Amino acid sequence: MDNLTKEKRSKIMSSIRSKNNLTTELRMASLLRKSSIKGWRRHLPLPGRPDFTWPKARLVLFIDGCFWHGCKKCYKPPKSNKAFWTDKIEKNQKRDRKKSRELKAKGWMVLRIRECDLANDRHAKNWIKKIKTIVGFS
Ligand SMILES: [Zn+2]
């Protein structure tokens, strides 16, 4: 452990989390608007509080930050407190899987887009196409 108190650390973590989320979520929202994809709501009170939800299509979409969700391609554990972070990220991934299962059990289709996929124009376009297909046929 480092010199930070538990409270201070959790404050820092939540500020990083919300800042990153905001940027990627705004990027997604702007892509959806540009592609004329409608019918979405943000942060509905469903399991895991999905970033975007299409209630009519029964579709939820999560934008997963590469660090917090342990992206296989991007995640690198910080140099200090490795054990703490490995444990933390593993717990996050476990929670992600649990929330996805809960949603699916309630009849929702669950999509998870990684932050790095959204940053890649070609990948982002493919995701938009996919969403359009799902939402279009609802
Ligand atoms: Zn990534």
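Here the structure is a predicted model, which is why all the values come from computation and not from measurement.
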Say whether [X] and [Y] are linked into one hydrophobic cluster, either directly or through other cluster members, by side-chain heavy-atom distances under 4.5 angstrom.
X	Y	answer
L46	W40	no
L111	F62	no
I37	V60	no
F52	V110	no
L61	L44	no

Rounded at 0.5 Å granularity, tell me how far [atom1] in [X] sits from [atom2] in [Y].
X	Y	atom1	atom2	answer
R27	E115	CZ	CD	11.0 Å
I89	K94	CD1	NZ	14.0 Å
L103	L59	CG	CG	10.5 Å
R42	E25	CZ	CD	4.5 Å
D64	N92	CG	CG	9.5 Å
L118	I128	CG	CD1	7.5 Å

Review point. How about F67 and W85: are their ring centres within less than 6.0 Å of each other?
Key: yes
Next item on the list: Would you indicate whether the side-chain heavy atoms of I131 and M28 approach each other to under 4.5 Å?
Entry: yes
State whether the side chain of N81 and the backbone N or O of F84 hold a donor-acceptor pair below 3.5 Å, judged by distance alone.
no
Least distance between heavy atoms, [X] atom then [Y] atom:
X	Y	value
P47	P50	O-CD, 3.7 Å
R114	C71	NH1-SG, 3.5 Å
P77	K82	CG-CE, 3.7 Å
K73	C116	NZ-SG, 4.1 Å
Q93	G70	NE2-O, 3.2 Å
I134	A57	O-CB, 4.5 Å

Carefully, step by step, assess R41 and W54 under the rule side chain to side chain contact (heavy atoms under 4.5 Å, CB included). CA-CA 6 Å; R41 309 266 308 273; W54 283 263; over 6 Å; no
Using a strict cut-off of less than 4.0 Å between a Lys/Arg side-chain nitrogen and an Asp/Glu carboxylate oxygen, indicate whether [X] and [Y] qualify as a salt bridge.
X	Y	answer
D96	K99	no
E102	K98	yes
D87	K91	yes

